[in-house]
Amino acid sequence: MIKFKITNDLNLCLKNLNLKTNDKFVIETQANEEFGDYSSNLAMVLSKLNRMKPYELAEKICAELSKNKDYKKCEIAGPGFLNMTLNISVYQKLLKDIIEKNEMWGASEAGIGKRILLEFVSANPTGPLNIVSARAAAFGDSLCRVMKFVGYDAMREFYINDAGNQVDILAESLELRLREMHGENIGEFPFEAYHGEYVKDLAHRLNTLEGTRVLLLADRERTEHLKDFALEQIHEMQVKSLEKFDVFFDSWVSEKTLRQQGVVEEVLSYLAEADCTYEKEDAIWFCSSKFGDDKDRVLMKADGSITYFVPDLAYHLTKYQRSFDVMIDVLGPDHHGYVPRLKAAIHALKYPEEKLEIIFLQQVNLFDSGEKVKMSKRLGTIVTMDELVDYVGTDATRYFFLDRRPNSHLNFDIELAKKKSNENPVFYCQYAHARICSILKKAKKDKISLKELNPEMLKKLTKPEEITIIKKMLEFPSVLVSIADSREPHRLAAYAYELAGMFHRYYSKYVIVNKKSLVLSMGRLYLIMAVKNVLAVSFKLMGISAPEKM
RNA sequence: GCGCCUGUAGCUCAGUUGGAUAGAGCAUCGGCCUUCUAAGCCGAGGGUCAUGGGUUCGAGUCCCGUCAGGCGUGCCA
């Protein structure tokens with residue numbers, strides 16, 4: 001919002017000088033004091049348009065801008081950068097806005113009117129959620145929270161692959177475990193079956209509820225019953241894990257339901273109508289290679305069953321039919337080979353490809369005491385999301401998953417996440433919040449009541465650290481907008497960390513509560529209250545708690 | 001072989017979408033508690049941004065090549 005003001009001020013200067021603009025110049029915040037508070041590349045960007053040398057143009061703008069009382073200084077540097085320093089009274093006034101907006105500071109209408117569908121986690125319903133799902137949950141949920149906060153109409157969706165081959169294997173695994181429980185010799189447990197302990201737990205539960213009745217059913221009925229039971233149980237288990245992680249989906253879409261609605265046939269006929277299918281070796285193929293995929297893909301196998309691709313494509317078409325402006329898929333690292341055929345089909349069916357955005361999360365490695373934790377699906381030594389969350393806590397887990405760019409591999413240091421010290425960034429951030437709460441309490445105890453905020457209090461805030469903190473908080477709204485637009489929530493973690501650091505440094509240098517100078521104390525208390533609010537908002541958007549005491 | 005991702009300090013990672021002298025934390029070394037939470041603060045050292053070219057006023061960022069690592073490349077899901 002401050003950049004907005006500066007942009008306006010600069011445009012006014014251009015207008016007064018009868019100069020042309022193309023709105024391509026940018027305002028940047030400057031960390032280096034030498035270059036002022038904010039700088040702009042305006043002169044370089046507009047020099048050709050106005051047939052002037054950058055430096056000359058910059059000189060004119062500077063002279064004009066200096067007439068504005070809000071600006072203390074305007075200098076030209078390098079090839080023609082405009083370095084602007086604002087009067088501190090501007091910041092003092094803006095602090096009042098931050099405080100008045102309270103927990104709505106940062107909220108905006110940047111995305112107003114845009115409907116967004118965020119699909120993430122969408123784990124197979126064949127076992128407990130793993131740590132990649134946890135990363136997806138932290139990422140998708142926070143992105144959604146930020147998008148909503150800046151005005152988008154965003155919703156979370158989970159696609160359940162509750163049909164297909166893997167579900168048959170699940171039913172078979174459950175049956176074997178049930179038989180085994182009753183002393184039957186099942187031989188060696190099949191390689192491709194689900195080896196996790198949870199299958200045994202499911203068998204126990206089924207046995208407690210229904211005994212061995214299911215084993216007496218006819219083949220087909222028995223499989224269906226086992227499937228339904230396992231799917232329902234595992235779904236519930238996954239929902240619980242997510243809720244514990246403070247992630248709630250607005251919508252669940254079941255592949256099985258889609259199939260029952262006949263969408264599979266529909267998709268096949270659409271593709272056939274578009275003249276994109278052919279028969280070869282008793283199978284039906286989609287000529288995806290005509291649309292950029294490496295090779296053609298099977299839609300219907302020789303045995304008459306359907307591949308994973310068909311219902312998934314159907315699912316994506318339902319997304320289009322629900323008229324979103326943008327649909328975002330958050331996928332795991334093992335899916336990137338799959339996207340070309342999906343995009344190919346969407347293209348072939350003449351749906352707008354650009355509305356579908358795919359974000360890949362790279363794999364997660366767990367490290368404990370410097371050692372990589374070895375995980376194997378086959379050996380059943382997968383660390384589940386619940387285990388991780390129970391061990392290090394929701395706050396640390398969410399923060400650590402959010403802290404890194406989505407498309408880079410993530411090394412999760414369990415030992416560090418558990419540490420309650422400055423080494424751990426989560427605690428560093430939360431500690432700042434708790435500290436502020438503690439100071440506010442102390443002020444109350446000293447009977448410093450925060451009366452109505454008045455200009456005299458704000459005028460006391462003149463230290464460079466104070467102005468730096470205000471500047472940082474002024475950036476918050478635009479940081480959130482850029483997080484939403486770039487789909488990069490990791491920047492929120494960085495922002496909170498930086499703001500917390502600024503506060504810690506400020507705290508150690510200055511006394512905030514001082515009975516001898518009441519007006520100053522009140523000014524500073526307002527400042528840290530604002531910091532507390534901004535921290536609390538960023539924590540909320542990250543899904544971590546804002547402790548009052550630590 | 002082909003495709004996607006990655007390569008920045010000893011380690012883990014940022015880098016404001018192409019801006020000025022590339023930044024944090026950890027680790028190492030040295031300081032700061034009779035005063036609002038030391039779960040904190042201050043200081044020091046540490047770099048050929050994998051590499052070679054190109055684009056321009058300007059490149060860690062964009063384009064091409066090379067090298068290295070990860071993943072993918074089923075009539076699995």
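Throughout, a chain's letter reflects where its sequence line sits, starting with A, and its residues are numbered from 1.
Checking A39(B), C41(B), G19(B) against every side-chain atom of E28(A), the shortest atom distance belongs to G19(B). Side chain of K295(A), nearest nucleotide from U73(B), G25(B), C76(B): U73(B). When distances are taken from the side chain of R404(A) to each of A14(B), U37(B), A77(B), the shortest belongs to A14(B). The side chain of R491(A) sits closest to U16(B) out of C36(B), U16(B), C75(B). In the set A20(B), C13(B), G70(B), the nucleotide with an atom closest to the side chain of F35(A) is A20(B). Ranking A77(B), C5(B), C36(B) by closeness to the N161(A) side chain, first place goes to A77(B). The listed nucleotides are U37(B), A20(B), U6(B); the one nearest the side chain of A77(A) is A20(B). Considering only the side chain of H490(A), G15(B) comes nearest among A38(B), C36(B), G15(B). The side chain of K301(A) lies closest to C75(B), out of A14(B), C75(B), A39(B).
With rounding to whole Å, R341(A) atom CZ is found 9 Å from U73(B) atom C1'. Rounded to whole Å, the distance from CD1 on I27(A) to P on A20(B) is 16 Å. Between H335(A) atom NE2 and C4(B) atom P the separation is 18 Å, expressed in whole Å. To the nearest angstrom, P of A77(B) lies 10 Å from OH of Y338(A). Remark: C1' of G7(B) and CG of N407(A) are 13 Å apart, rounded to the nearest angstrom. For the pair D334(A) CG and C71(B) C1', the computed distance is 9 Å after rounding to whole Å. Following rounding to the nearest Å, F25(A) (CZ) and U16(B) (P) show an atom-to-atom distance of 20 Å. One atom, CD of E498(A), and another, P of G15(B), lie 10 Å apart when rounded to the nearest Å.
A stacking contact between Y428(A) and A39(B) is absent: the pair does not combine a ring-centre distance of less than 5.5 Å to the base's six-membered ring with planes differing by less than 30°. Stacking between Y497(A) and the base of A24(B) is absent under the criterion of ring centres within 5.5 Å and planes under 30 degrees.
Using bins of under 30°, 30° to 60° and over 60° for the plane-to-plane angle, the ring pair Y278(A)/W285(A) lands in the parallel bin. Between Y507(A) and F503(A), the ring planes lie tilted relative to each other; the angle falls in the 30° to 60° range. Using bins of under 30°, 30° to 60° and over 60° for the plane-to-plane angle, the ring pair F291(A)/F286(A) lands in the parallel bin.
K442(A) comes within 4.0 angstrom of the backbone, heavy atoms only, and of no base. The residue S408(A) sits close only to the backbone: its heavy atoms come under 4.0 Å of sugar-phosphate atoms, none of a base. As judged by a 4.0 angstrom heavy-atom cut-off over every strand, E192(A) is placed among residues making no nucleic acid contact. Residue A434(A) is in base contact, counting any heavy-atom pair closer than 4.0 Å across all strands shown. The residue S486(A) sits close to a base: some heavy atom pair falls under 4.0 Å.
A77(B) sits 41 Å from G18(B) when the P atoms are compared, rounded to a whole Å. For U73(B) and A20(B), the C1' atoms lie 45 Å apart once the distance is rounded to whole Å. Comparing the same atom, P, in U17(B) and in U34(B) gives a spacing of 46 Å after rounding to whole Å. Nucleotides A68(B) and A27(B) have their C1' atoms positioned 26 Å apart, rounded to a whole Å. Across the P atoms, A38(B) and C33(B) are found 12 Å apart, a figure rounded to whole Å. Separation of the P atoms belonging to A22(B) and G45(B) is 15 Å when rounded to the nearest angstrom.
Defined by atom type and a distance below 3.5 Å, a donor-acceptor pair is missing between the side-chain atoms of Q430(A) and Y399(A). Side-chain atoms of N161(A) and Q166(A) include no donor-acceptor pair closer than 3.5 Å.
Residue H336(A) places a side-chain atom within donor-acceptor reach of the base of C71(B), judged by atom type and a 3.5 Å distance cut-off alone. Between the side chain of N41(A) and the base of A20(B), no donor-acceptor pair under 3.5 Å is found.
Taking the centre of each ring, F139(A) and F401(A) stay at or above the 6.0 Å mark.
Residue Y497(A) is tested with F539(A), Y431(A), Y428(A) for a ring pair (Phe, Tyr, Trp, His ring centres under 6.0 Å); the sole match is Y428(A).
Side chain of Q238(A) to main chain of N124(A): a donor-acceptor pair is present (N/O by atom type, distance under 3.5 Å, no hydrogens or angles).
The glycosidic torsion of C33(B) lies within 90° of 0, placing the base in the syn range. Glycosidic conformation, U8(B): anti, with the torsion outside 90° of 0.
Pair assignment for C36(B) gives none, since no Watson-Crick or G-U wobble pairing has each distance under 3.5 Å. Base pairing analysis places U73(B) opposite G1(B); the two distances defining the Watson-Crick or G-U wobble pair are each below 3.5 Å.
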